[in-house]
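Single-structure report; data block below.
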Amino acid sequence: MPEAGQGPGSGMAKLKGWLLGVLLFAGPSLPLSVAQAQDTYLATIAGDGVQRVRIEGGNYLFNPEHIVVKVGVPVELIVSKEPGLVPHSLIIWSPRAGIDVDVALDEREKTVSFTPRALGRITFYCREKLLFFASHKEKGMVGTLEVVE
Ligand SMILES: [Cu+2]
């Protein structure tokens, strides 16, 4: 039985190869899942009555990705993007809440202002997309602006 000696050995080699493949496949995705673990930012009202929130866009996420602001109180978003060649933008659109933000992000900070007029959760996102690749929004570059009382 010449095959009996060879069979298990090659089977094991295949298994090792498969495990290596799994590790190589899982490896690069680990830093991404850590980077995606952003937290909630609860805006506070400054002495001048404005809620200021800093948002940074990166590949492919916003930090913070969940922002909570008070209704009827002016908001100033101080927006920027991390250094790099990949363009990013920030779109927040809710006619109901009176919010229409459409800004190209730069490494230099920009300020956008609005006053949220209605309660609820508004999804914000990046509209960039390179050729036939998935849009940044599809890659997870989305966040939530939550307007509370
Ligand atoms: Cu983007």
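Atoms within a ligand are numbered from 1 in the order they appear, just like the ligands themselves. When a residue number appears, it is its place in the shown sequence, counting from 1.
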For this session: Using the Cu ion (ligand 1) as the apex, give the angle to atoms SG (Cys126) and ND1 (His136), rounded to 10 degrees.
Result: 110°
Exercise. Sub-3.5 Å donor-acceptor pair from the side chain of Lys139 to the main-chain atoms of Phe133, do we have one?
Worked result: no
Problem set entry | Met141 near the Cu ion (ligand 1) via N/O/S, less than 2.8 Å | yes
For this session: Using modelled atom types only, decide if a donor and an acceptor are shared between the side chain of Thr144 and the backbone of Arg121 within a distance under 3.5 Å.
Result: no
Problem set entry | Donor on one side chain, acceptor on other, Ser80 and Glu109, under 3.5 Å | no
Exercise. What's the spacing between Ile78 CD1 and Lys110 NZ if we round to 0.5 Å?
Worked result: 14.5 Å
Seminar exercise, completed: In His88, the N/O/S atom nearest the Cu ion (ligand 1) carries the name ND1
